[in-house]
Amino acid sequence: MEYQFRELEKKWQDHWKKNKTYQVPNVSDKPKFYVLDMFPYPSGAGLHVGHPLGYIASDIFSRYKRLKGFNVLHPMGYDAFGLPAEQYAIEHGVHPAVSTAQNIDNFRKQLDNIGFCYDWEREVRTCEPGYYKWTQWIFLQLFNSFFDRDQQKASSINNLIASFEKNGTAVVGTRAGVEAFTAEEWKAKSHKEQQEVLMNYRLAFCGYGEVNWCEALGTVLANDEVVNGVSERGGHPVVKKKLRQWYLRITEYADRLLKGLDEIEFSEAMKEMQTNWIGKSYGAEIDFNIQSEKATDRKLRVYTTRPDTIFGVDFMVIAPELDYIDSITSTEQAAAVADYLAFVKSRSERERMAEKKISGVFTGAYAINPFNGKQIPIWISEYVLAGYGTGAIMAVPCGDERDFKFAKHFNIPITNIIGDAFNGEEANPTKDAKLENSDFLTGMVMRDAIDVAVKKIEDLGIGTRKVNFKMRDAAFSRQRYWGEPFPITWKDGVAAPLTEAELPLLLPDVESYSPGPEGEGPLANIPEWVSRELETNTMPGYAGSSWYFLRYMDPHNNEAFCDRKVSDYWGQVDLYIGGTEHAVGHLLYSRMWTKALYDLGHIGFDEPFRKLVNQGMIQGSSRFVYRIQNTNKFVSKGLKDQYETNALHVDVNIVDGLELDTEAFKKWKSDYADAEFILEDGKYICGAEVEKMSKSKYNTVNPDMLVDKYGADTFRMYEMFLGPVEISKPWDTKGIEGVHRFLKKFWRLFYDELKGKMWNEETPTAEELKVLHKAIKKIEEDTERFSFNTAVSAFMICVNELADLKCHKKAVLEQLIVLMTPYAPHISEELWSLIGNQGSVLDASYPKYEEKYTIESSKEYPISVNGKMRTTLNLPVDISAAEVEKIVLANEVVLKWTEGKPPKKIIFVPGKMVNVVI
RNA sequence: GCGCAUGUGGCGUAAUUGGUAGCCGCGCCAGACUUAGGAUCUGGUGGAGCGAUCCGUGGGGGUUCGAGUCCCUCCAUGCGCACCA
């Protein structure tokens, strides 16, 4: 009986489906465990071998936990709204709902091939009304709440209104854009005025933001669609345009998002990325009087983290966007300033940030240093960003590298306030130097002077201590079609939420997917939509993905996004697996949504993911052929330098290692049907390079092909065998044979092709039990710490050893099957049933490691002389140090190396080693 | 530029707290069975040397009885962030 993987895998996949083996109840006596994969965007290209890496890891862990007696929630779904489907619709006229559904069907088939244990009854698709009804509902929760800074939590907007009616802004305080008012003043405001005030508090709010507007395409472009000030597609001019946009007030959660990191198991690198993104800094805002030829009582407000360097300020730099530039620019400089502003306006934010060349212009105005009356020139430069701090900085060239370069470039004299610590060649950003030329700060160490300076600034009333965040509020609208409609109507410029009963607000069909007038989305082209005064923007991709892990718990609930009892049972995601590319986007947004839902009492936990494991990226290993210019001749790599050639990507699937299958190449594309080859040693050798796996580079490897050739179990184990899950590495199909051979060898412990049934009911020997229990221990430990590659290796060792012992005993093999189940579920089910068990092996219990089988009475000790290993000695484990000394010193190898010299010291570490020092 | 991570045979990798470097697999070499093998099985395989032995975890230095592992420094690669004041 052979290992017929195709038949048995199909048989068991059908069996699992028919018996609903993977259906998980919401009520159970077992402890719960929630394993989640980042759900995929169902792209038209389908799965490549990089996608399932994390899915396999989570599948193994889910099955492992199930065998360990947990009720395991392990669902899958689709992040189904998104731009590619809309772009496809524009180009091919296919409704995004149709192409998305097709892509999902394709994904599902590919996933099913690999034999995952998802509970498909719980599948979610973010684009379905039953799902996005609740995305809209949560949006309304955010719209109808504000962040209570005293309580540090979200609270109903009605509480805010009540507070305004009673106390004005006295209790909750003002916000940017809100002037303080009394209760009476609040009551005197019109409805519209009141709503405008409330908008400055809502967690989901409407404001104005700049977007990349391309007039020719009539649409808004993403940063990376803009290159050199023109659109990537078509090369049309792009300008910045202010558009009404929705935002989420995530900045209010900045501190809690930071603090929450202490309670969750994310990698340090991941936590650091989030911390940097949030970018909390401590400093001060300082007001400077402005001296300009135009009369102004405006102050220049700067934000600095280094108020201790106030006497080293040689110039000020303000962002080109600041609205008061006109009011301070001198007549002489007006033309230069206007030119510079026009130059900056033509540049995308990304270009400005990437720019290394120094540029800027003097305004002709000065700020006055409040401590010494010094005139400080005010410059404009694109390296200062309007969105951060106050959009203005005080420049200290001796302490800041950018300021230093700017000063050098424009010949601005540099004041040294740190004496020898500044060498005039480069800035020194130290905090440990002693201040000089700094009036009341002179002689102080900078680190200590920061606080002294801030106190003085506050005492003089010219500034305040200030905590700043780099993070900005999250833009939450897109001028697109294929996304969730906002449940908002606009009446007289006031946003009014729909009622819960009106949800879901269905995404209507459109005639055309092209943009509406004035940069609005396609929904603005629908007369009925516009006449209902509905919002024409849609929500961005991350709306649906910010809370999907909650919907899996209770996916068919029509009364709530998730029943509170159910979310109390399942709680946090215990293990979340996905790529690092979502480090700051998705993972921050879903953390914020979770906190808001928690604050409003809808769920009982405020961090969504207890533990995160990042899977590494599987890169592609591209292959190249070299075509001789203007011919259809291809020259092998070793000979290519003799010709003028162009390197062309060739499909990796028709290359064996580096050797091209020339016949397959001719068939690959009609252009190459009559290709000729210049071979070396009778072979055509390709070039190779590691790149991102992508269809356009012809370096994708489709899992379906490998599953078909070797089976799902081999594929699963091979992906794990490649190396640690979190490491990125290029895909190489070469080694898969080894894993396949291993499974065949495993099978042969039970059945031999010629001899038939091999397994028997004999009693295992001590040696056999030792092999088994060694494996149990290693595999259990490795699985627990997500070291799946070493676990696969342990399986191989175990099977090799059992084969060497000719052990075919059911008592041993039966336990090995259970151990294998998470990794190779199909073959395990088959063998489990063949050796006479009823039911699924998943309902078996995990083997229990028993130390008594693996205890050794002696150990092979390495014996070193002066730290170099010279020999080994087999010694009893309970030997005493004195005995070891005696035996070792009498050993002839040791005697040879000590050359008769007396040992200075003998180090004996029981269970480890012996070292003789002479 | 800043931050983080990683450098081990021809290749993917292993070595969990500092204690026998190279487990497991690929590839390669030899052999068995075969009309044949890109099937299967057995043995070998870090480098140099006939050998005893020596050299070896990116380079250099250090701590230690002992370093792939810890510290310093330099180099290389990958990833992330990017004029963040």
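Lettering follows sequence order; numbering is per chain, from 1. Just so it is clear, the model here is predicted, and its values are computed rather than measured. Just so it is clear, the values below take in all heavy atoms, side chains as well, and ignore hydrogens, waters and symmetry mates.
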Answer yes or no: does a side-chain N or O of A/Asn789 lie under 4.0 Å from OP1 or OP2 of B/rA14? yes
Atom NZ of A/Lys734 to atom C1' of B/rG12: distance rounded to whole Å? 13 Å
Is any side-chain nitrogen or oxygen of A/Arg785 closer than 4.0 Å to OP1 or OP2 of B/rU16? no
Of all the nucleotides listed (B/rC4, B/rU20, B/rC24), which has the minimum atom distance to the side chain of A/Met796? B/rC24
Figure out the CD1/C1' separation between A/Ile797 and B/rA15, and round it to whole Å. 12 Å
Nearest-nucleotide pick for A/Asp782, side chain only, options being B/rG3, B/rU16, B/rC81: B/rU16
Separation of the P atoms in B/rC70 and B/rG7, to the nearest angstrom: 10 Å
Given the P atoms of B/rA14 and B/rU64, what is the spacing between them in whole Å? 31 Å
Take the protein atom CE of A/Met720 and the nucleotide atom P of B/rG25, then report the distance between them rounded to whole Å. 19 Å
When you check the gap from the basic side-chain N to the acidic O, do A/Asp732 and A/Lys734 get nearer than 4.0 Å? no
For B/rC54, does OP1 or OP2 lie under 4.0 Å from any side-chain N or O of A/Arg870? yes
From B/rC55, B/rG3, B/rA14, pick the nucleotide closest to the side chain of A/Lys868? B/rC55
Complement of B/rU64, any strand, by Watson-Crick or G-U distances under 3.5 angstrom: none
Examine B/rU77: is either OP1 or OP2 under 4.0 Å from a nitrogen or oxygen in the side chain of A/Lys729? Give yes or no. no
Distance, rounded to the nearest Å, where A/Phe721 contributes CZ and B/rG25 contributes P: 7 Å
So which nucleotide does B/rG27 pair with, by the Watson-Crick or G-U wobble rule with both distances under 3.5 Å? B/rU45
Taking atom types as modelled, find out whether A/Ser359 and A/Tyr340 have a side-chain donor-acceptor pair closer than 3.5 angstrom. yes
Distance between the P atoms of B/rU20 and B/rA67, in whole angstroms? 11 Å
Distance check needed: B/rC41 P versus A/Phe742 CZ, whole Å only. 13 Å
Counting only Watson-Crick or G-U wobble pairs whose two distances fall under 3.5 Å, which nucleotide matches B/rA15? none
Nearest-Å distance, NZ (A/Lys271) to P (B/rC79)? 25 Å
Could you pick out which residue, A/Lys905 or A/Thr304, lies toward the 5' side of RNA chain B when each is mapped onto its nearest nucleotide? A/Lys905
A/Leu722, nearest nucleotide to its side chain (from B/rU17, B/rU20, B/rG12): B/rG12
Taking only the side-chain nitrogens and oxygens of A/Lys744, find out if one of them lies under 4.0 Å from OP1 or OP2 of B/rU40. yes
Would you say the side-chain atoms of A/Lys905 and A/Asn915 include a donor-acceptor pair closer than 3.5 Å? no
Please tell me whether A/Phe746 and A/Phe795 form a close aromatic pair, meaning their ring centres lie under 6.0 Å apart. no
Among B/rU40, B/rU20, B/rG19, which nucleotide sits nearest the side chain of A/Thr872? B/rU20
Could you report the tightest heavy-atom contact between A/Thr854 and A/Lys774, atom names first, then the distance? CG2-N, 3.7 Å
Between B/rA39 atom C1' and A/Lys745 atom NZ, what is the distance in whole Å? 15 Å
So if I take every side-chain heavy atom of A/Val917 and compare against B/rC65, B/rG27, B/rA14, which nucleotide ends up nearest? B/rC65
Winner on side-chain proximity to A/Thr305, out of B/rU20, B/rA85, B/rG19, is B/rA85
How would you label the contact of A/Ile907 with the nucleic acid (heavy atoms, under 4.0 Å): base, sugar-phosphate, or nothing? base
If you compare every side-chain N and O of A/Arg748 against the phosphate oxygens of B/rC41 (OP1, OP2), does one of them come in below 4.0 Å? yes
Who is the Watson-Crick or G-U wobble partner of B/rC79, with both distances under 3.5 Å? B/rG3
Strictly below 4.0 Å: does A/Asn800 bring a side-chain N or O up to OP1 or OP2 of B/rG25? yes
Would you indicate what A/Trp731 reaches in the nucleic acid, counting non-hydrogen atoms under 4.0 angstrom: base, sugar-phosphate, or nothing? nothing
I want to verify a distance call: between B/rA85, B/rG19, B/rU20, whose nearest atom is closest to the A/Lys859 side chain? B/rU20
A/Trp747 CH2 to B/rA39 P, in whole Å, measures 21 Å
Are A/Phe742 and A/Trp747 near enough that their ring centres are under 6.0 Å apart? no
Syn or anti for B/rG9, with syn set at within 90° of 0? syn
B/rU57 and B/rG68: how far apart are their C1' atoms, nearest whole angstrom? 5 Å
For RNA chain B, whose closest nucleotide is more 5', that of A/Gly867 or that of A/Met273? A/Gly867
When you get a sec, tell me which of B/rU53, B/rC65, B/rU17 is the closest nucleotide to the side chain of A/Lys896? B/rU53
Decide if the gap between the ring center of A/His740 and the ring center of A/Phe5 is smaller than 6.0 angstrom. yes
How about A/Phe315 and A/Phe410: are their ring centres within less than 6.0 Å of each other? no
Expressed as a whole number of Å, how far does the C1' atom of B/rC79 sit from that of B/rU42? 45 Å
Looking for any heavy atom pair under 4.0 Å, which part of the strands does A/Asn915 touch: base, sugar-phosphate only, or nothing? base
Would you measure the distance from the C1' atom in B/rG59 across to the matching atom in B/rA76 and give it in whole Å? 10 Å
Does any nucleotide pair with B/rU40 by Watson-Crick or G-U wobble geometry, both distances under 3.5 Å, and what is it? B/rA32
Indicate whether any N or O donor in one side chain lies under 3.5 Å from an N or O acceptor in the other, for A/Thr464 and A/Glu285. no
Using a 4.0 Å heavy-atom cut-off across all strands, classify A/Glu781 as base, sugar-phosphate, or nothing. base
Can you tell me, in whole Å, how much space there is between the P of B/rG61 and that of B/rU6? 24 Å
Rounding to an integer number of angstrom, what distance separates B/rG46 and B/rG80 when you compare their P atoms? 38 Å
